[in-house]
Amino acid sequence: MLLKENNTELKRQINYNVEKIRSDFPILSQLVHGKPLVYLDNAATTQKPLHVLHSLENYYYKQNANIHRGVHALSQEATEAFESSRIKVKKFINALGKNEIIFTKGTTESINLVAQTYCRKFLKEGDDIIISEMEHHSNIVPWQLICEEKKANLKVIPISETGELIFEEFEKLISEKTKLVSVVYASNSLGTVNPVKEIINLAHSYNVPVLLDAAQAVNHLELDVQELDCDFLAFSGHKLYGPTGIGILYGKVNLLEIMPPYQGGGDMISKVTFKQTTYNELPHKFEAGTPNIAGAIGLGAAIDYVSNVGLDRIAYYENTLLEYATDKISTLSGLRVIGTAKNKISVLSFVLDNIHPHDVGTFLDFEGVAIRTGHHCTQPVMDKFKIPATSRASFGMYNTFDEIDILYNGLKKILEVFK
Ligand code: 7TS
């Protein structure tokens, strides 16, 4: 068991100053229901550091203009800031070129983009798309929509009792009929980190492209799209300590080139006549209309902030929080952890005997503790475990061992009250 007393030694070893990090997040120092806020809903969205808030303020105070079209100074400055964020994303995930980085609204839109362009063009009747049983609804429904339209089949890799993907079942499902594999890198309701490299290798041996839903991976694991060799990768800015309404679709350039545009409008064209329209070069072909300029700039600032702290150190620290929290709450009788994979991000789902998760969430809220309760947009996972919902605590770079003790004490109280 990892002891909280080891914390000082740990922080010395990895040079991790959580108090300094917390001071960069003003929202964390408030009271909720008269108690200090303990924010443990980071899988839903993360809080934003001052560096991100200032970048948004600076943009609206000093740079606000539309991009890619004005010759005036502000427009050029805004364009420069927007495009430099694209380069930051490119470096952050080690893409080959900035033309492989498409700004979207978030993970959901990125996945829908691939379904509505790549699959609209290449998916045929009788073809298969493979996903897994632990997907977020946003990596299920876009494929159902396009499969229904094209009379194709959606195949599902089952998961085990520990919440791990059963690889042998994937081996059985993949075939010459498979047109795309789309799997979550790290599960939002179970925490499981999937063996994505193996999945990609097997899919590529059938010449099948792979999309990774990296919504939950992006702030916990270092992503290197060249090393992974994934064909598409999607994530949202707001889970990486950046703003909402901005996200990324990474795609290999040879695939993006052969995909038709997603939406039509300004910026995505090269020449428009009533007879024929030609499209802009990558990545602009997929960015119709005025984008979320401030959001992209804020995402760039978030990447700067996270990179400065160091994703490897963040991951190490969060793993120790997860281990401490798992060991501690598992001692409570009547509590069962859902999702016990060997390799996990800092997501801890659990159920309490005969107490509905919504009651747990409401009770903890009065203690100042923010957790998530519900199906977490993964209803098939709930069906698999035959439960309606879970309570989920998810840890971010600013959480502390003391906050886990507050969670534990809250849970203990609930179990006593409901006994
Ligand atoms: N994929 C995964 C694995 C997710 O966790 C989420 C959001 C999405 C996709 C969709 O991301 P969006 O930014 O486009 O909405 N997950 C959660 C969650 O666990 N609680 O709230 C949102």
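Every heavy atom of this structure was used, including side-chain atoms; hydrogens, water molecules and symmetry mates were not. Note that ligands are numbered from 1 as they come in the structure, with each ligand's atoms numbered from 1 the same way.
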Please could you name the atoms of ligand 1 that [X] approaches to less than 4.0 Å, counting only its heavy atoms?
X: Arg372; value: 21 (O)
X: Thr107; value: 9 (C), 11 (O), 14 (O)
X: Ser236; value: 11 (O), 12 (P), 13 (O), 14 (O)

In Å and rounded to the nearest 0.5 Å, what is the CG to CG distance from Asp327 to Leu322? 9.0 Å
Hey, does Arg392 sit under 4.0 Å from ligand 1 if you only count heavy atoms? yes
For ligand 1, indicate whether the residue [X] contacts it via side chain, backbone, both or neither (heavy-atom separation under 4.0 Å).
X: Lys105; answer: neither
X: His238; answer: side chain
X: Ala44; answer: both

Of the choices Asp213, Val347, Val218, which has the non-hydrogen atom that lies closest to atom 1 (N) of ligand 1? Asp213
Heavy atoms only: which of Val184, Thr378, Thr108, Asn112 is nearest to atom 15 (O) of ligand 1? Thr108
Taking only Lys NZ, Arg NE, NH1 and NH2, and the carboxylate oxygens of Asp or Glu, determine whether [X] and [Y] approach each other closer than 4.0 Å.
X: Asp128; Y: Lys179; answer: no
X: Lys62; Y: Glu57; answer: no
X: Arg392; Y: Asp41; answer: yes
X: Arg22; Y: Glu403; answer: yes

Below 3.5 Å, N or O to N or O, backbone or side chain included: is there any such pair between Asn188 and ligand 1? yes
Between Tyr324 and Phe401, is the ring centroid distance below 6.0 Å? yes
Among protein heavy atoms, which lies nearest [atom], and at what distance?
atom: atom 5 (O) of ligand 1; result: Gln216 NE2, 2.7 Å
atom: atom 9 (C) of ligand 1; result: Ser138 OG, 3.1 Å
atom: atom 4 (C) of ligand 1; result: His136 CD2, 3.4 Å
atom: atom 7 (C) of ligand 1; result: Lys239 NZ, 2.9 Å

Flag this pair as yes if the NZ/CZ of Lys285 is under 6.0 angstrom from the six-membered ring centre of Tyr279 and inside a 45 degree cone about the axis; otherwise no.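 The answer is no, since Lys285 fails at least one limit relative to Tyr279.
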Sub-3.5 Å donor-acceptor pair from the side chain of Lys384 to the main-chain atoms of Gln379, do we have one? no
Where do Val347 and His376 land on the side chain to side chain contact (heavy atoms under 4.5 Å, CB included) test, with the steps shown first? CA-CA 12 Å; Val347 162; His376 318 293; over 6 Å; no
